[in-house]
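Read the numbers this way: they start at 1 and go in the same order the structure lists the ligands and their atoms. When reading the values below, keep in mind they use all heavy atoms of this one structure, side chains included, and skip hydrogens, waters and symmetry mates.
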Amino acid sequence: MTPEPLRTAVLISGRGSNMAALVKASDARGCPYRVDLVLANDPDAPGLAFARERGIATWARSHKGMKRAEFDALLDAELRKAGIELIALAGYMRLLSPEFIARWEGRILNIHPSLLPLYKGLDTHQRAIDAGDSKAGCSVHVVTVELDDGPVIDRAEVPILPGDTAADLAARVLAEEHGLYARALAGFARTLQG
Ligand code: GAR
């Protein structure tokens, strides 16, 4: 018998194009994850509209003025209420507290716009261009307490072309992110299903 798809939440902070790609990919027959909840730390995050149009439950609240652990406890409560089993960070631009990460250990994935372990943190594309690299890309990894540091599940590469701006490179990488994340999340969900 085919196991039930894992109940999955996606955390976003803005545009949400990776979240949309994950949702669209989950329409495929036999997809081992299902996006049940989209959470944002910004009520104005543009990606929320896509989730709502698709009939996916959303939760959004600004983290401003709240301690990290306090905000993450709210997230945790929503995730538990929805029976979530797997979390995908998709442009979620806020560090998670160690308590939250421990609670969801081995069940949080992130997509990062660089070929990890290169260029953890911000401004990845400009840093790759400034270093004179010939290639860039994106990585999906398991989230651990150290920023952008957990085990890498999969990566996709793109060339850096002469004259590329950070925006040119970001667009080329983003086009790869969508497919990479959907594949990596599905593969990871299958391993959790056992
Ligand atoms: C993506 O490029 C993602 O890799 C990056 O933010 C963008 C979000 O786009 N994430 C990070 O930089 C995390 N450190 P999206 O909202 O359209 O998915």
S.K.: Give the residue and atom name of whichever protein heavy atom lies nearest to atom 8 (C) of ligand 1, and the separation in Å to one decimal.
M.R.: G91 CA, 3.6 Å

S.K.: Please say whether M19 places an N or O atom under 3.5 Å from an N or O atom belonging to ligand 1.
M.R.: no

S.K.: Give a yes/no on ligand 1: does I111 have at least one heavy atom closer than 4.0 angstrom to it?
M.R.: yes

S.K.: When you measure from atom 14 (N) of ligand 1 to every protein heavy atom, which one gives the shortest distance, and what is it?
M.R.: H112 ND1, 3.6 Å

S.K.: Heavy atoms only: which of E177, H125, H178 is nearest to atom 1 (C) of ligand 1?
M.R.: E177

S.K.: Would you say the side-chain atoms of T8 pair up with the backbone N or O of L6, donor to acceptor, closer than 3.5 Å?
M.R.: yes

S.K.: Of A170, S114, G121, P113, which has the heavy atom at the shortest distance from atom 10 (N) of ligand 1?
M.R.: P113

S.K.: Is the side chain of T58 donor-acceptor paired with the backbone N or O of L48 at a distance under 3.5 Å, no angle test?
M.R.: no

S.K.: Note the single closest protein heavy atom to atom 13 (C) of ligand 1, along with its residue, its atom name and the distance in Å.
M.R.: M93 SD, 3.7 Å

S.K.: With atoms numbered from 1 as shown, which atoms in ligand 1 lie under 4.0 angstrom from a non-hydrogen atom of S17?
M.R.: 15 (P), 16 (O), 17 (O), 18 (O)

S.K.: Does the side chain of N18 come within less than 4.5 Å of L174's, by heavy atoms?
M.R.: yes

S.K.: Considering the options I12, N41, I108, which one meets the side chain to side chain contact (heavy atoms under 4.5 Å, CB included) requirement together with Y92?
M.R.: N41

S.K.: Hey, mind stepping through H63 and R68 against side chain to side chain contact (heavy atoms under 4.5 Å, CB included) and telling me if it holds?
M.R.: CA-CA 8 Å; H63 61 268; R68 194 178 303 284; over 6 Å; no

S.K.: Answer yes or no: is there a side-chain heavy-atom contact under 4.5 Å between L185 and L86?
M.R.: yes

S.K.: Is there at least one pair of N or O atoms, one from D148 and one from ligand 1, spaced under 3.5 Å apart?
M.R.: no

S.K.: Would you check whether R15 has a nitrogen or oxygen atom less than 3.5 angstrom from a nitrogen or oxygen atom of ligand 1?
M.R.: yes

S.K.: Looking at every heavy atom in both P159 and L169, which two are closest together, and how far apart are they?
M.R.: O-CD1, 4.1 Å

S.K.: Out of G16, S139, A20, G14, who is nearest to atom 16 (O) of ligand 1 when you count heavy atoms only?
M.R.: G16

S.K.: For D72 and R103: C-alpha separation, side-chain torsions, deciding distance, then whether salt bridge (Lys or Arg N to Asp or Glu O under 4.0 Å) applies.
M.R.: CA-CA 11 Å; D72 289 357; R103 158 78 182 90; over 6 Å; no

